[in-house]
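Could you have a look at this structure, given as structure tokens, before my questions?
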Amino acid sequence: MYKPNTLKDIAEGLGVSISTVSRALSDNYQISDKTKRIVKERAETMKYKPNPFAVTLKNSRNYSLGVVVSSVNNTFFSQVIDGIESVAYRNGYHVIITQSHESAVREAENIRHLMENRVDGILISLAAGTTNHCHINEYQSTGSPIVFFDRVLEECGAHKIISNNIKGAYEGAEYLIKSGCKKIMFLGSVEYLSIVQQRKLGCQQALVANNLMSEELCIRYCGFEDYAENIEAVLTALLKSGNKPDAIFSACENTTFGCLRVLKKLRLEHEIKLAGFSNTDVSELLSPSPNFIKQNAFKMGKVAAEKLIASIEGVRYAEEFETVMLETVLEN
């Protein structure tokens with residue numbers, strides 16, 4: 001029985017992704033002329049014929065964007081979503097928001113749900129629990145665009161909108177050092193998250209620049225569930241070992257507020273200074289007030305949505321995928 005060749009057959013023959021073949025055959029601006037020529041020649045040789053139903057389905061636009069974040073309860077992500085919506089609705093698109101709750105399984109389910117609802121593109125900030133990226137690859141194989149923001153997949157061919165995490169962490173750690181702190185604990189959720197890695201590096205650079213050894217940075221991780229409970233266990237273990245820090249630098253908003261709760265519970269809020277990433281507006285209500293590093297969340301959402309819509313509509317927005325870096329602000 002005759003079986004027609006598919007995009008997958010062409011991709012495997014050339015050693016490229018299915019999405020690259022799909023984009024090359026549709027003259028997508030993101031693919032080079034050389035790659036387009038090679039793909040089209042291969043398709044002609046293999047007598048490839050596109051599925052008319054699939055082409056109609058793909059080319060019919062729903063004017064909807066999918067968004068995947070860890071939690072809308074997070075101040076940072078709620079501000080990013082505001083930025084996304086400000087661009088989407090102005091351009092006639094609706095937004096479907098899903099939450100991963102830091103679960104890789106939930107994230108994959110959300111993406112498949114968005115695919116089934118035929119969104120025109122997806123904006124995503126990776127879940128802390130995501131270590132396998134098969135669901136991302138599956139989505140990209142359809143040829144539909146995806147844009148990463150904040151927590152990104154470095155090796156993925158896509159636009160990425162990030163904060164200047166290294167500089168932001170550097171400034172926060174340096175502020176602690178200038179305040180007289182010498183024994184700083186860096187607290188992250190999980191080591192493999194892009195933002196955690198970058199913020200740890202920023203802290204280490206601040207120590208070296210201020211004549212302290214980067215090895216002296218006490219690095220701890222508390223996972224992405226039960227923040228306060230895990231942070232209390234980490235801090236209690238340090239206290240018992242006689243290695244009490246005089247400051248904590250927190251890499252994420254959830255760990256920052258987890259630290260606040262634990263320090264107050266242990267009555268250490270006046271002994272251990274706290275600085276960390278958070279976009280909350282309640283710092284003036286806290287005593288003592290931590291030093292927050294704030295991200296330009298609204299602009300991040302706007303830029304991410306602009307990039308995605310440009311990709312959907314085939315606008316010649318850039319020759320290659322871009323990584324856009326936005327500056328952070330340290331609140332003293």
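Just so you know, residue 1 is the first one in the sequence shown, and it goes up from there.
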Inset, instruction - Check the hydrophobic clustering (I, L, V, M, F, W, Y; side-chain heavy atoms under 4.5 Å; chains of links allowed) and say if V208 and I166 are grouped together. - result: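 Hydrophobic grouping puts V208 apart from I166.
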Legend entry - Smallest separation among heavy atoms of G172 and L330, with atom names: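 Scanning both residues, the minimum pair turns out to be CA-CD1, 4.2 Å.
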Inset, instruction - Indicate yes or no: at least one non-hydrogen side-chain atom of T256 is less than 4.5 angstrom from one of T280. - result: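 When only atoms from C-beta onward are counted, T280 and T256 do not touch, as no gap falls below 4.5 Å.
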Legend entry - Close side-chain approach of C218 to L238, heavy-atom, < 4.5 Å: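 C218 vs L238: side chains touch.
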Ignoring hydrogens and angles, write down the donor-acceptor pairs under 3.5 Å from the side chains of residues 177-190, residues two or more places apart or on other chains.
{"from": "K178", "atom 1": "NZ", "to": "N210", "atom 2": "OD1", "distance (Å)": "3.3"}
{"from": "S179", "atom 1": "OG", "to": "Y175", "atom 2": "O", "distance (Å)": "2.8"}
{"from": "K183", "atom 1": "NZ", "to": "N243", "atom 2": "OD1", "distance (Å)": "3.4"}

Inset, instruction - May I ask whether I312 and I161 are part of the same hydrophobic cluster, defined by side-chain heavy atoms of I, L, V, M, F, W, Y residues being less than 4.5 angstrom apart, directly or through others? - result: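 Per the 4.5 Å side-chain linkage, I312 and I161 are co-clustered.
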Inset, instruction - Tell me who clusters with V68, hydrophobic residues only, linked when side chains sit under 4.5 Å apart either directly or through other members. - result: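 Traced through the cluster, V68 reaches I96, I111, L114, M115, V119, I122, I124, L126, I136, Y139, I146, F148, V152, L153, I162, M325.
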Legend entry - Test log, rule side chain to side chain contact (heavy atoms under 4.5 Å, CB included), inputs N165 and F277: CA-CA 9 Å; N165 292 303; F277 277 78; 4.1 Å; yes
Inset, instruction - Can you see which heavy atom on P290 is nearest to which on L260, and at what distance? - result: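 Answer, listing the atom of P290 first, then L260: CG-CD2, 3.6 Å.
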Legend entry - Connected hydrophobic set around V105, excluding itself, where side chains approach under 4.5 Å: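 Listed partners: none, V105 stands alone.
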Inset, instruction - Check whether I97 and M300 end up in the same hydrophobic cluster, where Ile, Leu, Val, Met, Phe, Trp and Tyr are linked by side-chain heavy atoms less than 4.5 Å apart. - result: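 They do share one cluster, since a chain of ILVMFWY contacts under 4.5 Å joins I97 to M300.
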Inset, instruction - Please report the closest heavy-atom contact between Q140 and C156, naming both atoms and the distance. - result: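 That closest heavy-atom pairing would be OE1-SG, 3.0 Å.
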Inset, instruction - State, without any angle test, whether D150 and Q295 hold a side-chain donor-acceptor pair at a distance under 3.5 Å. - result: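 A pair is found: one side chain offers a donor N or O, the other an acceptor, under 3.5 Å apart.
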Inset, instruction - Could you pull out all residues at least two apart from A297 that satisfy side chain to side chain contact (heavy atoms under 4.5 Å, CB included)? - result: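 F76, Q79, V80, N279.
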Inset, instruction - Report the residues that fulfil salt bridge (charged side-chain N to carboxylate O under 4.0 Å, His left out) with E154, sequence neighbours left out, ordered by chain and then residue number. - result: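 Result, salt bridge (charged side-chain N to carboxylate O under 4.0 Å, His left out) vs E154: none returned.
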Inset, instruction - Verify the neighbour count for atom NZ of K160: are there more than 12 heavy atoms of other residues, nucleotides or ligands below 6.0 Å? - result: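 Counting other residues, nucleotides and ligands, NZ of K160 exceeds 12 neighbours.
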Inset, instruction - For residues 232-242, pull every pair meeting side-chain hydrogen bond (donor to acceptor under 3.5 Å, both in side chains), keeping only residues two or more places apart or in separate chains. - result: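 Those involving residues 232-242 are E232-K265.
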Legend entry - Option passing side-chain contact (heavy atoms from CB on, under 4.5 Å) with I38 (candidates K40, K36, K34):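 Going through the options one by one, the only one that passes is K34.
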Inset, instruction - For L268 and L239, run side chain to side chain contact (heavy atoms under 4.5 Å, CB included): C-alpha distance rounded to whole Å, both residues' side-chain angles, the deciding distance at 0.1 Å, then the answer. - result: CA-CA 11 Å; L268 292 171; L239 294 174; 3.9 Å; yes
Inset, instruction - May I ask you to test the I309-L65 pair for a side-chain heavy-atom distance under 4.5 Å? - result: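 Yes, close enough: below the 4.5 Å cut-off.
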Legend entry - Electrostatic pair E116:R112 at N-O distance under 4.0 angstrom: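 Result for this pair is no, no salt bridge flagged.
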Inset, instruction - Heavy atoms only: give me the nearest T328-G168 pair and the separation to one decimal. - result: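 Nearest heavy atoms, T328 then G168: OG1-CA, 3.2 Å.
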Inset, instruction - For T142 and S144, test the side chains for any donor-to-acceptor distance below 3.5 angstrom and give the result as yes or no. - result: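 There is such a pair between these side chains.
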Legend entry - side chain to side chain contact (heavy atoms under 4.5 Å, CB included) against T35, all qualifying residues, sequence neighbours excluded: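 Per chain and number, T35 pairs via side chain to side chain contact (heavy atoms under 4.5 Å, CB included) with T20, I31, S32, V39.
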Legend entry - side-chain hydrogen bond (donor to acceptor under 3.5 Å, both in side chains) partners for N230, two or more places apart: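 Testing N230 for side-chain hydrogen bond (donor to acceptor under 3.5 Å, both in side chains), a comparison that skips the adjacent residues, returns none.
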Inset, instruction - State, to 0.1 Å, how close S100 and S70 come at their nearest heavy-atom pair, and which atoms those are. - result: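 Looking at all heavy atoms of both residues, the shortest contact is OG-CA, 3.3 Å.
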Legend entry - 4.5 Å side-chain heavy-atom contact, C252 and V196: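 Heavy-atom side-chain distance check passes, below 4.5 Å.
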Legend entry - Partner set under ring-ring contact (aromatic ring centres under 6.0 Å, His included) for Y221, not counting sequence neighbours: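 If we apply the ring-ring contact (aromatic ring centres under 6.0 Å, His included) test to Y221, skipping adjacent residues, there are no hits.
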Inset, instruction - Could you go through the side chain to side chain contact (heavy atoms under 4.5 Å, CB included) check for E191 and I219 one step at a time? - result: CA-CA 10 Å; E191 184 174 7; I219 300 169; over 6 Å; no
Legend entry - side-chain hydrogen bond (donor to acceptor under 3.5 Å, both in side chains) against E171, all qualifying residues, sequence neighbours excluded: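 side-chain hydrogen bond (donor to acceptor under 3.5 Å, both in side chains) list for E171, sorted by chain: empty.
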Legend entry - Other residues, nucleotides, ligands: >12 heavy atoms within 6.0 Å of N73 CG: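 No, not enclosed.
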Inset, instruction - May I ask you to say whether E102 pairs ionically with R151, meaning some side-chain N is under 4.0 Å from a carboxylate O? - result: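 Salt bridge flag = yes for R151 with E102.
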Inset, instruction - Following the transitive rule for hydrophobic clusters with a side-chain heavy-atom cut-off under 4.5 Å over Ile, Leu, Val, Met, Phe, Trp and Tyr, establish whether L266 and I248 coincide in one cluster. - result: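 Yes, one cluster joins them.
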Inset, instruction - If a pair satisfies ring pair (Phe, Tyr, Trp, His ring centres under 6.0 Å) and one of its residues is in residues 93-132, list it, with sequence neighbours excluded. - result: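 Checked against ring pair (Phe, Tyr, Trp, His ring centres under 6.0 Å) - neighbours excluded - the pairs reaching residues 93-132 are Y63-Y93.
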Inset, instruction - Grab the two heavy atoms, one from F298 and one from S86, that are nearest each other, plus how far apart they are. - result: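 The pair with the smallest heavy-atom distance is CZ-OG, 3.7 Å.
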Legend entry - Beyond-backbone contact of T98 with E109, side-chain heavy atoms, under 4.5 angstrom: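 No - every pair of side-chain heavy atoms lies 4.5 Å or more apart.
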Inset, instruction - For S250 and T255, test the side chains for any donor-to-acceptor distance below 3.5 angstrom and give the result as yes or no. - result: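 Looking only at side-chain atoms, T255 and S250 do form a donor-acceptor pair, the distance falling under 3.5 Å.
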Legend entry - Flag, side chain of E253 to backbone of T75, donor-acceptor distance under 3.5 Å: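 Checking the backbone N and O of T75 against the side chain of E253, a donor-acceptor pair under 3.5 Å is found.
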Legend entry - Heavy-atom side-chain contact between K273 and N291 under 4.5 Å: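 Side-chain contact under 4.5 Å: no.
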Inset, instruction - Not counting sequence neighbours, which residues clear ring-ring contact (aromatic ring centres under 6.0 Å, His included) with Y89? List them please. - result: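 Y89 satisfies ring-ring contact (aromatic ring centres under 6.0 Å, His included) with no other residue.
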Legend entry - Step-by-step side chain to side chain contact (heavy atoms under 4.5 Å, CB included) determination, L235 to L263: CA-CA 9 Å; L235 198 52; L263 290 176; 3.8 Å; yes
Legend entry - Side chain N164, main chain K167, donor-acceptor under 3.5 Å: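 A pair under 3.5 Å: yes.
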Inset, instruction - Answer yes if L201 and L193 sit in the same cluster of Ile, Leu, Val, Met, Phe, Trp and Tyr residues linked by side chain heavy atoms under 4.5 Å apart, and no otherwise. - result: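 No, separate clusters.
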Legend entry - Any donor-acceptor N/O pair, R199 side chain to A251 backbone, under 3.5 Å: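 Checking the backbone N and O of A251 against the side chain of R199, a donor-acceptor pair under 3.5 Å is found.
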